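Model, not experiment: these values are computed from the prediction. Each chain gets a letter, A, B and so on, in the order the sequences are listed, and its residues count up from 1.
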Amino acid sequence: MAPRTRRTASPKFVIERDEDSGESSSGEEEEEEEEEEVGNVYDDSENDDVEGDDEEEAEETVEETKRREKKPITISLKKVCKVCKKTGHQAGFQGATYIDCPMKPCFLCKMPGHTTMTCPHRVATEHGVIPAPRKSTRHSVYYIFERQLRPHVPTIKPGFVIPDQVTCGVIRYHSRRVTCLEFHPTNNNILLSGDKKGQLGVWDYDKVSEKTVYGNIHSCLLNTMRFSSSNDGAVYGASSDGTVSCTDLETGLSVSMMDLNPDGWQGPNSWRMLYGLDVNSEKGLVLVADNFGFLYMLDTRTNDKIGEPVLIHKRGSKVVGLHCNPVQPDLLLSCGNDHFARLWDMRRLEGGSLGDLAHRRVVNSAYFSPQTGSKILTTAQDNRIRVWDSIFGNLESPSREIVHSHDFNRHLTAFRAEWDPKDPSESLAVIGRYISENYNGVALHPIDFIDVTTGQLVAEVIDPNITTITPVNKLHPRDDVLASGSSRSLFIWRPKDNSDTGQQKDERKTIVLGGKPDKKPNKKFGGDSDDSDDEPFSAKGKMSKAKPALRKKAKTR
DNA sequence: AAATAATGTTACC
DNA sequence: TGGTAACCCTTATT
């Protein structure tokens with residue numbers, strides 16, 4: 001089963017240009033004269049005589065001043081959609097259900113003519129999956145790495161184990177939003193987390209309260225962390241401050257292996273930021289890439305830069321991701337803001353890429369499949385997850401495109417679909433969802449598990465107490481554990497029914513408050529009830545607002 | 001509870 | 001390529 005595609009013709013690269021998807025413009029100006037009292041408006045262009053915009057009149061008569069003072073400050077104007085500024089409809093939440101602006105293309109699939117409410121992809125994720133075309137060309141990558149890379153997929157797909165229950169977490173662990181997560185390679189219960197401030201968290205989620213945050217390693221966004229597989233005592237980090245850090249977790253001591261901004265801030269045109277990072281253990285290299293399109297290589301023994309930076313994406317554009325092939329150390333994958341993911345032969349970087357994977361928007365991430373390294377999973381800002389089933393294939397088009405809501409938002413860490421490293425069939429991926437679903441009257445943003453070979457939504461996991469979007473997710477390399485970063489909080493998820501007794505696991509969760517304490521301390525927790533577990537996450541505010549039938553997942557569609 | 005600030009990045013011309 | 005407007009389901013705080 002799962003027939004491998006074989007190619008015979010020479011490689012071809014056709015780059016499709018964006019087809020213009022016009023906007024749905026139906027029923028323009030509905031003449032609805034609904035007048036409303038509004039004190040704050042986004043757009044005052046429609047009401048020319050709003051009070052208070054005549055500042056330049058230096059001299060006023062007393063009469064005028066009086067009149068002005070007496071006149072009630074009532075601004076009458078039409079109710080306007082906050083998205084398109086037109087009247088007759090309103091975008092936004094109605095209770096826990098979001099109503100789209102009908103003037104815009106669908107917020108999910110980006111096609112005009114409907115909204116997310118009626119989008120076919122909302123009902124069935126696999127609806128819009130493009131099946132793999134029968135490919136008949138053999139790409140040059142095949143010949144170069146034929147010996148190392150041979151696609152083999154188990155014929156029988158095992159059932160997926162989904163960690164769908166929060167077992168513990170740290171509320172407000174970080175002082176800013178979480179940007180990346182990484183499990184310790186050998187120490188099973190250690191989770192590292194990076195944040196927007198550049199801080200590095202080390203958390204033993206088995207002893208939930210054992211957590212530290214290192215604050216002096218980076219000065220802003222810690223974008224990627226990775227361990228060396230040859231030395232699990234040190235973790236490398238790439239930051240928007242332009243440095244690469246190497247941190248010893250035992251001592252907390254960190255060294256800066258590279259600084260791309262030695263002269264400090266000289267303006268935005270010269271400030272260099274590092275996003276993608278990976279470790280090539282076989283070659284003893286740390287690879288990082290910057291926001292101007294360049295790749296840098298560092299020697300893990302000497303901590304020195306090797307060679308000159310190489311331009312691997314469009315000049316001046318951000319390289320957001322790097323990934324070394326798990327099987328073939330010479331094979332590198334990159335992705336960036338120039339809408340491409342690219343395959344490289346590390347031995348001949350200057351010779352140009354081995355293949356370019358075209359996307360319609362920025363590519364947030366690109367990962368080789370974890371076992372054979374023969375598939376590629378990409379997440380792009382056009383709300384599509386793509387699967388390139390065989391890197392031996394012609395790379396003109398992906399073999400799967402899965403519509404999934406993971407829009408860019410400047411306040412959110414970019415979404416990345418990631419493989420389950422334990423899945424022998426290399427088909428399960430996890431990614432957070434942007435748009436919410438109304439679950440028993442509460443808007444929640446699930447974490448999706450998708451079978452990327454079929455496009456099927458395998459599971460959408462939620463916790464009624466987590467009402468924030470969860471863009472950062474990491475599956476454990478060995479255990480059935482999901483770590484997720486949502487805003488400033490961290491959570492650990494495990495399968496509902498994985499106890500050897502066959503009984504339901506203890507439902508209680510251990511939630512710890514991290515970071516700075518509440519100004520108005522929650523009574524339930526008192527001052528320092530650090531590992532109180534009598535009530536799940538009632539930290540405060542939104543976290544405790546959502547209180548529908550606990551963990552009863554009931555979708556309302 | 002309603003308003004707002006903090007916040008960069010992308011798309012497009 | 002450089003400059004600049006947009007920005008649409010954020011989150012936390014006041």
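- Residue A/Tyr275 is in sugar-phosphate contact alone, with no base atom involved, counting any heavy-atom pair closer than 4.0 Å across all strands shown.
- Within the 4.0 Å cut-off from OP1 or OP2 of B/dT9, not a single side-chain nitrogen or oxygen of A/Asn337 is found.
- Here the P atom of nucleotide B/dA2 and the NZ atom of A/Lys82 are 14 Å apart, to the nearest Å.
- Nucleotides B/dT7 and C/dT4 place their P atoms 23 Å apart, quoted to the nearest Å.
- Other residues, nucleotides and ligands contribute only 12 or fewer heavy atoms inside 6.0 Å of the CG atom of A/Asn216.
- Side chains of A/His404 and A/Asp448: a donor-acceptor N/O pair is present below 3.5 angstrom, by distance only.
- As rounded to whole Å, 9 Å separates atom P of C/dC9 from atom CZ of A/Phe93.
- In this structure, A/Glu308 places its CD atom where only 12 or fewer heavy-atom neighbours from other residues, nucleotides or ligands lie under 6.0 Å away.
- Here B/dT9 presents its C1' atom at 8 Å from CD of A/Gln381, a figure rounded to the nearest Å.
- Counting any heavy atom pair closer than 4.0 Å across all strands shown, A/Ser405 reaches no nucleic acid atom.
- Residues A/Lys110 and A/Asp407 are paired through a salt bridge, judged by an N-O separation under 4.0 Å between the basic side chain and the carboxylate.
- Dashed line: the shortest gap from a side-chain N or O of A/Arg361 to OP1 or OP2 of B/dT10 is not under 4.0 Å.
- Between the CE atom of A/Met111 and the P atom of C/dC8 there is a distance of 22 Å, rounded to whole Å.
- Summary of the strand contacts: A/Arg410 and A/Val362 both lie near DNA chain B, and taking for each the nucleotide with the nearest heavy atom, the more 5' one is attributed to A/Arg410.
- The distance from atom CG of A/Leu412 to atom C1' of C/dT11 is 9 Å, rounded to the nearest whole Å.
- Checking the phosphate oxygens (OP1, OP2) of C/dA6, no side-chain nitrogen or oxygen of A/Lys104 falls inside 4.0 Å.
- Put simply, the side chain of A/His411 and the base of B/dT7 share a donor and an acceptor less than 3.5 Å apart.
- Projected onto DNA chain C by closest heavy-atom contact, A/Phe107 and A/Ile469 fall at different nucleotides, the more 5' of which corresponds to A/Phe107.
- The distance from atom NE2 of A/His445 to atom P of C/dT10 is 7 Å, rounded to the nearest whole Å.
- Phosphate proximity of B/dG8 to A/Lys318: absent, as no side-chain N or O sits under 4.0 Å from OP1 or OP2.
- Atom CG in A/Asn383 sits roughly 15 Å away from atom P in B/dT10 (whole-Å rounding).
- The A/Lys196 side chain lies nearest to B/dT7 when the options are B/dT7, C/dC9, B/dT10.
- Between A/Ser487 and C/dA12 there is a side-chain N or O to OP1 or OP2 distance below 4.0 Å.
- Closest to the A/Thr468 side chain, of the nucleotides B/dG8, C/dC8, C/dT11, is C/dT11.
- B/dA6 atom C1' lies 13 Å from atom CG of A/Leu221, rounded to whole Å.
- For the residue pair A/Tyr275 and A/Asp290, no side-chain donor N or O sits within less than 3.5 Å of a side-chain acceptor on the partner.
- Closest contact between the side chain of A/Arg315 and the listed nucleotides C/dT1, B/dT7, C/dC9 involves C/dT1.
- Comparing A/Asn269 and A/Tyr98 by the nucleotide of DNA chain C whose heavy atom lies nearest to each, the residue mapping closer to the 5' end is A/Asn269.
- Taking 4.0 angstrom as the limit, A/His339 places a side-chain polar atom (N or O) nearer than this to OP1 or OP2 of B/dA11.
- Seen from the ring of A/Phe340, A/Lys314 does not count as a face-on cation partner, given the 6.0 Å and 45° thresholds.
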